[in-house]
Amino acid sequence: MTSTAPETQRGQDAGDALGEQPTSWQRRLRRFGHVPRPETPLRDRLDPPYTRPGRQVWSVLAIPPHVADRLVRWSGWGGPLLVTLVAGLLRFWKLDRPHAVIFDETYYAKDAWALVNQGYESSWPKDVDKLILKDPSSVPIPTDPGYVVHPPVGKWIIGFGEQLFGFTPFGWRFMVAVLGTVSVLLLCRIGRRLFRSTFLGCLAGLLLAVDGLHFVMSRTALLDLIVMFFVLAAFGCLVVDRDRARRRLADALPVDAEGVLRPDARIAETLRLGWRPWRLAAGVMLGLAFATKWNGLYVLAAFGLMTVLWDVGARRTAGAVKPYMAVLRRDLVPAFVSTVPVAIVTYVVSWTGWIVTDKGYYRNWAATEGKNSSWNWLPDWLRSLWHYENQVYDFHVGLTSGHTYESNPWSWLVLGRPVSYFYEEQAGCKESTTGKCASEVLAIGTPLLWWLACFALAYVVWRWLFRRDWRAGAIACGVAAGWVPWFFYQERTIFLFYAVVFVPFLCLAVTMLLGAIVGPAAGQGTRAELGLTSGDPTGERRRTLGAIAAGVLVLLIVWNFIYFWPLYTGTSIPEDLWRDRMWLDTWV
C-alpha cells in the first residue's frame, strides 16, 4: 500500500538476484546504486496495476473481505476528496482576514475588477485602497487604460470571484482559494496514478495541504498560485495521456500461445496512437499558464520534451529497435501540434477583452506610432499586441530595482528569504513582555517539509539517473521547469513566492522518499531486494520501522504547519511568540 512502485515493478530494482547478468556499464554504475532490471511481464511494464492493501490490514481492523473490497474501490476518489475537504476548510477559514489589500493585491485585485467590467485594465489613482476597503461601491472604475505587465487570464479568474462576492478581500481571494483547494485534489489523483497507490497519492495531497507557501498563496489574490494550478493540471493530463498511449500499445502487441504478451518491433515502430485528447488538454492548460504569467512558457518547453521522451520509452518497451526514429515519424508532429500551437492560440484568445475594445493600453499603437511599419499587412490589433508584448518583455528583463524581500533562487529551497505580505503591531498586549502583539502574513513554506524536500530531491535525481525510474524523472522535470529558469535572471528582482509553481512536485518528491523509507510489504516485490530469504521476518521488522519513521516525519510536518499557523493567517500573537517563530535572521 505504501511502496513507491507497483508490485510488478518493484522487482526491477533487484538486479542479479533474479539471475540477470549485468553489462559492463551496469557493473561500473553498481557503486552508485544502479541495478539492472529483471524480467517483468511486458503488459505490466507498459500498463502497471495499482497496489492493493494487504489482507492483514483489514484483518487487524476486523473488516470483512467484501467490505474491504468496496472500500478499496471507493478509496480512489474517497481518499482524495477527504484530503481536499480538509484543505478547503483550512483555506476558506476567515478568508477575508486580514481585511486589507496585502502586498501585490493592490495591483491584481483592481486590475481584475476593471477587466471584468470593461475588458481592459485601468490606471487607478494612488491611495485608493483604503476607499475600496471602506466602501467599494463609492469608487468608480477609471476609464484611462493602465500599463500592466502580465497577461490577463489570472486577472479574469480573480475578477470572476469579485463578480460573485463583490469588490472585497473575500471576493478577490475567492477563486484563488478555490484553485488552491482543487489543486490538492489534483495532486492526490496525480500521485495515485504516478505511484499506483491511493495511500501515497493522498499523502502527497496532504503534504500540499499543509505547506505554508501554498496555503498563503491560496489565500492571496496573486497570479503565481493560478500558474501553479494550470501547470499541475497540464502535468496530470500528460500522465493520463502517457498511461492511455502505453495501454494502446499493449493492446496492439501480439500474444503467444501461452497467453503472454510479446514485444513486436514492427508494431512498436509503426503503430499510430491516434487521437490523444489528454495531450490536447495539456496544451490548453499550458497555454492558460503562459497566459497568466510568462514563466509558464518554460514549463511548456520542458513538458513538451518530457512527453516526447515518454513516447520513446513506450515504443522501446514495446519492442522498437529504433524508438527515436519511430517517435520522429509517428509522434513528434502530433505532440508539437497538440501543445505549442494550442498553447499559443489559447494565449492570444485570452487577450479578447483587450482586442475587442479600443481603449486598452497600446491598443491603437498600430494605427498611430506604428502606422509606417513594414508589417502593415497584419491586422492592427495583432501588431499592437506584439508591440505591447515587446514593451512588457523589456520591462521584465530590466526590473533590477532592489526590494526588501527579494531573494536569489539558490536560497529558495532552504527558505532563505520569505516575503512578508502583511504586518501590523498592536500596543497594550498584556500577554507579551514587550507589551506588543504582532499580526503577520508571511509567505513561507512549512520549514520541515521544505528542508526534507532538499533530501527528497537528491533521492529523486539519484533514482532517475541510476534506477531509470521515469516517475523520478517526471518529478525532477516539474521542479526544474518551475525553478531553473529563474537562475538565468538572477540580476532581476525576484521573490521566494515564485517557487509555489513547483511546490506540488516537491510534495511528490517527499512522498516518493517516504514511500522508499517504508518499503514494500511482505510478500510484495522482490525479497532479494532487501537481502532477505522467503522465511526471514526481518522484512516485516524493517517495514515497521520504516512506517514509524515515515509517520513521525509526516506528523512533524503537520505540527510545523500548525506551529506557524499564526504567521500564515495574520493571527495576532504576543511579540515574544512571533520572535520565537523567526528561526532564521533573514525571516525578519
Side-chain angles (χ1 to χ4, degrees), residues 9 12 20-26 28-29 34 36-48 194 234-235 237-256 260-283 286 297-344 461 463-478 480-481:
Q9 288 185 322
Q12 71 184 17
E20 274 195 356
Q21 295 300 317
T23 62
S24 58
W25 69 269
Q26 288 171 334
R28 287 195 294 270
L29 290 178
H34 172 81
R37 295 183 179 185
E39 286 297 329
T40 303
L42 179 58
R43 179 170 291 276
D44 289 345
R45 287 162 57 197
L46 285 170
D47 184 21
L194 203 65
F235 182 77
C237 289
L238 291 176
V239 172
V240 175
D241 172 75
R242 179 186 185 275
D243 281 356
R244 293 197 171 195
R246 293 172 74 91
R247 191 175 301 127
R248 197 171 300 167
L249 267 173
D251 292 340
L253 292 175
V255 178
D256 64 16
V260 178
L261 195 71
R262 295 299 182 188
D264 185 287
R266 184 186 63 83
I267 293 176
E269 293 182 357
T270 62
L271 180 69
R272 294 187 180 276
L273 296 176
W275 173 246
R276 299 175 70 168
W278 285 100
R279 181 178 274 176
L280 188 65
L286 290 169
L297 185 60
Y298 294 100
V299 182
L300 170 63
F303 283 8
L305 176 62
M306 178 180 69
T307 188
V308 169
L309 292 178
W310 284 353
D311 284 344
V312 171
R315 291 190 181 273
R316 179 190 289 120
T317 302
V321 178
K322 297 180 177 179
Y324 285 96
M325 185 59 66
V327 168
L328 180 62
R329 291 174 176 173
R330 303 295 182 187
D331 302 319
L332 188 61
V333 172
F336 176 83
V337 172
S338 298
T339 52
V340 177
V342 170
I344 292 174
V461 171
R463 191 168 182 91
W464 175 40
L465 292 176
F466 299 110
R467 293 293 178 91
R468 310 294 294 277
D469 192 324
W470 74 271
R471 301 160 306 168
I475 294 169
C477 179

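This chain uses plain numbering: 1 for the first residue, then up along the sequence.
- When all heavy atoms are compared, the tightest approach of Arg463 to Ala472 is CB-CB, 4.1 Å.
- Residues satisfying the side chain to side chain contact (heavy atoms under 4.5 Å, CB included) criterion with Val340, sequence neighbours excluded, are Phe336, Ile344.
- Legend: residues meeting ring-ring contact (aromatic ring centres under 6.0 Å, His included) with Trp310, ordered by chain and number and at least two apart, are Trp470.
- Looking only at side-chain heavy atoms (C-beta outward), Pro254 and Ile267 come within less than 4.5 Å of each other.
- Just one of Asp241, Asp44, Asp47 meets the salt bridge (charged side-chain N to carboxylate O under 4.0 Å, His left out) condition when paired with Arg247; it is Asp47.
- Looking at Val239 and Arg242, their side chains never come closer than 4.5 Å, going by heavy atoms from C-beta outward.
- The two residues Ala281 and Cys237 have their closest heavy-atom pair at CB-SG, 3.9 Å.
- Note: Asp243 CG to Leu46 CG = 11.0 Å, rounded to the nearest 0.5 Å.
- One finds the CG atom of Leu249 at 9.0 Å from the OG1 atom of Thr317 (value rounded to the nearest 0.5 Å).
- Asp251 meets the side-chain hydrogen bond (donor to acceptor under 3.5 Å, both in side chains) test with Arg43; sequence neighbours excluded.
- For Arg329, the CZ atom sits in a loose shell: 12 or fewer heavy atoms of surrounding residues, nucleotides or ligands are nearer than 6.0 Å.
- Residues passing the ring-ring contact (aromatic ring centres under 6.0 Å, His included) test with Phe303, sequence neighbours excluded: Phe235.
- Applying the side-chain hydrogen bond (donor to acceptor under 3.5 Å, both in side chains) definition to pairs two or more places apart or across chains, those involving residues 262-275 are Asp256-Arg262.
- Residue pairs meeting the salt bridge (Lys or Arg N to Asp or Glu O under 4.0 Å) criterion with at least one partner in residues 301-324, sequence neighbours excluded, are Arg276-Asp311, Arg279-Asp311, Arg315-Asp331.
- Considering all non-hydrogen atoms of both residues, Ala326 and Ala268 come closest at CB-O, 4.5 Å.
- Closest approach of Pro323 to Val312, counting heavy atoms only: CB-O, 3.6 Å.
- Closest approach of Ala335 to Val308, counting heavy atoms only: CB-CG2, 4.1 Å.
- In the displayed structure, Arg330 atom CZ is contacted under 6.0 Å by more than 12 heavy atoms of other residues, nucleotides or ligands.
- Taking every heavy atom of both residues into account, Pro263 and Leu42 meet most closely at N-CD2, 3.4 Å.
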